[in-house]
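Quick caveat, the model's predicted, so the values are computed rather than measured.
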Amino acid sequence: EQGGPTLDPAFLAEIFEWRERDEDEPGVMHALATDARAALLAEIDQVFTAWEAGNGTLEVVEDRLARLKYVEGLLRAPQEG
């Protein structure tokens, strides 16, 4: 699969909403992306911890890593304003 997994349309819609809010409140997208990054890292850690303990699967990891990559791209982008 070239380019990685397809991102969930609901996730992309949420990013679009962040961008719209950022037009009215400069800096809000960066703050939301920072929070999302922390939440994704915590979720990935939790999934691996559960898996290592023999509970659960790693099914969501590929999707969460793709989301993390997208969010980190937002954080690296130059901020306007």
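Each of Arg67, Arg37, Arg64 was checked for a salt bridge (Lys or Arg N to Asp or Glu O under 4.0 Å) with Glu43, and the lone residue meeting it is Arg64.
Atom OH of Tyr70 and atom CG of Leu75 lie 12.0 Å apart (nearest 0.5 Å). From Leu65, atom CG reaches atom CD1 of Ile44 across 4.5 Å, with rounding to the nearest 0.5 Å. The distance from the CZ atom of Phe48 to the CG atom of Leu58 is 5.0 Å, given to the nearest 0.5 Å. Here Glu72 contributes atom CD and Leu40 contributes atom CG; the two are 9.0 Å apart, rounded to the nearest 0.5 Å.
The 12-atom threshold is exceeded at CD of Glu52, counting heavy atoms of other residues, nucleotides or ligands nearer than 6.0 Å. Within 6.0 Å of CD on Gln46 lie no more than 12 heavy atoms contributed by other residues, nucleotides or ligands.
In this structure, His30 and Asp22 have side chains that are not in contact, with every pair of non-hydrogen atoms separated by 4.5 Å or more. Looking at heavy atoms from C-beta onward, Trp18 lies in side-chain contact with Leu74 at the 4.5 angstrom threshold. Between Arg21 and Leu32 there is a side-chain heavy-atom pair separated by less than 4.5 Å.
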